[in-house]
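Everything below concerns the one structure shown next.
Start at 1 and go down the list; that is how both ligands and their atoms are numbered.
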Amino acid sequence: MTSEIIRFHDLHPTEADFRREVLTGLRERPRRIAPKFFYDERGSKLFDAITEAPEYYVTRTESEILQQRADEIARTVGTGGLLLEPGGGSCAKVRILLEGLEPCAYVPMDISRNHLRMAAEEVAADFPWLEVHAAHTDFTRRMEVPPTAPEGPRVAFFPGSSIGNFDPEHAVEFIAAVADLVGPGGHFLIGVDLRKEKALLEAAYDDAQGVTAAFNLNLLERINRELGGDFDLQHWRHRAVYNETEGRVEMHLVSARNQRVRIEDEVFDFATGETIHTENSYKYGLDEFEGLARRAGMETVGVWTDQRGLFSVHLLRNTALTQE
Ligand code: AVJ
C-alpha cells in the first residue's frame, strides 16, 4: 500500500510513438532515432550508471556547484515560490535546493509515470513539510501546472544539461516556453555543459567500462524487444565524437559489416560503416548560452562554474512586465 503523500495529476500526455518514429528515422539518410527513446526501464538504469562513471563529470560537477551555491541561489530567488521541474522524474538534484528555497510546493513533470510517482513519494517522505504535486506529462509537447497547485512566484529547474539534446534554435524555443511557464519576474535555474577539450568530452561519452556503449546499444535491443526487430548486437558498435564546429558530442550506432535487419515486415540494409545517429549533446560557452537566453526573453542574473570550468549553472529571470 502506498500512502497518499503526494498529489498525482495525470495530465494525459500523448505518448511518443516509438514504432512510428523508429521506422521513419531508419528510412531517412542519415538514419536517426531520437534520444528520448533511450529511456526504457533498462535504459534508465544504464543512464544512472553513466552518472557514476569516472569519466562522466557532468552529474557530480553540477551537484557540487549546486551544493556550493544553494544559499546564494535561494537569496536571489527568494523562498515560498512554486518550484517546477520539467523532466524531473527522479527528483534527485532538487533535494540540494529544497531546504534553502523552501518552496510552497514542488511540481516534478515527467512522461515516465511509475518512475515519477515513486520518486515523488520518496521526496515527499524525506521532506515532510513539502507539498508535492507530481504531473504526468510530456514537457517537450506541453508544459502546464496542475490546476490545484498553490500559487507563488514561479521558479523552474532544468539540471543535467538536458538542454544539450536540443539544437540551439530549439533550445531558444524551449527557454521561451519556460519563460512563459514561470511568467513575468519568474526564475529559471538551468545546468549547461561547457565546450572543452575534445579528449575529455569523448571519454565522457565513451567510458572505459562500456556503460555508455551499452546505453546506446540498448536502443537496438529495445527495438528487438518491443518491435520484434532482429538486430544482431555483435555487429554494431558505439561511437561518440565531438563535432567541434557544431559544439556537440554526437552519438552514433555503427554497422560493423554489410547486414540486413528486419523490423516487423520491413527490411533495412546497412553497409559497413553506415551509422544511425542517436544523440546530440550540445556544449556552450558562457556568453554563448547567455545569448540564447536573451533571445528567449530571459536575462542572466547568476552564472556559476566549478574550478576546472567543466560545467555551468545559470540563473535566468523573465524580464517581461506582463504575461504574453
Ligand atoms: C541526459 C542528455 C544530459 O547528454 O550528457 C549521457 C545523456 N548520453 N551519456 C548527456 C547522455 C550519453 C545526457 N543528457
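In summary, the atoms of ligand 1 found under 4.0 Å from a heavy atom of Ser161, numbered by their order in the structure, are 3 (C). Near Tyr39, meaning under 4.0 Å from any of its heavy atoms, are these atoms of ligand 1: 1 (C), 7 (C).
The option from Gly160, Ala240, Gly191, Ser281 that lies nearest to atom 3 (C) of ligand 1, judged by heavy atoms, is Gly160. Relative to atom 14 (N) of ligand 1, the option among Phe38, Tyr205, Tyr56, Phe215 with the closest non-hydrogen atom is Tyr56. Comparing Ile50, Asn165, Leu46, Asp206 against atom 2 (C) of ligand 1, the shortest heavy-atom distance belongs to Asn165.
Val123 and Met118 fall into different hydrophobic clusters, defined by Ile, Leu, Val, Met, Phe, Trp and Tyr side-chain heavy atoms under 4.5 Å apart, directly or through other members.
Tested against Glu72 for a side chain to side chain donor-acceptor pair (under 3.5 Å), the candidates Arg69, Gln68, Arg75 yield a single pass: Arg69.
In summary, the aromatic rings of Tyr242 and Tyr205 are positioned with their centroids too far apart to meet the 6.0 Å limit. Between Phe215 and Tyr39, the distance from one ring center to the other falls under 6.0 angstrom.
Within the structure, ligand 1 lacks Val58 among the residues with a heavy atom less than 4.0 angstrom away. In this structure, Tyr282 falls outside the shell of residues with a heavy atom less than 4.0 angstrom from ligand 1. Under the 4.0 angstrom criterion for non-hydrogen atoms, Gly164 is not in contact with ligand 1.
Judged by the 6.0 Å and 45° rule, Arg222 forms a cation-pi pair with Phe18. For the pair Arg117 and Phe8, the cation sits on the ring face: its NZ or CZ lies under 6.0 Å from the ring centre, inside 45° of the axis.
The closest protein non-hydrogen atom to atom 8 (N) of ligand 1 is Glu279 OE1, 2.6 Å.
Using modelled atom types and a 3.5 Å distance limit, the side chains of Glu279 and Asn165 yield a donor-acceptor pair.
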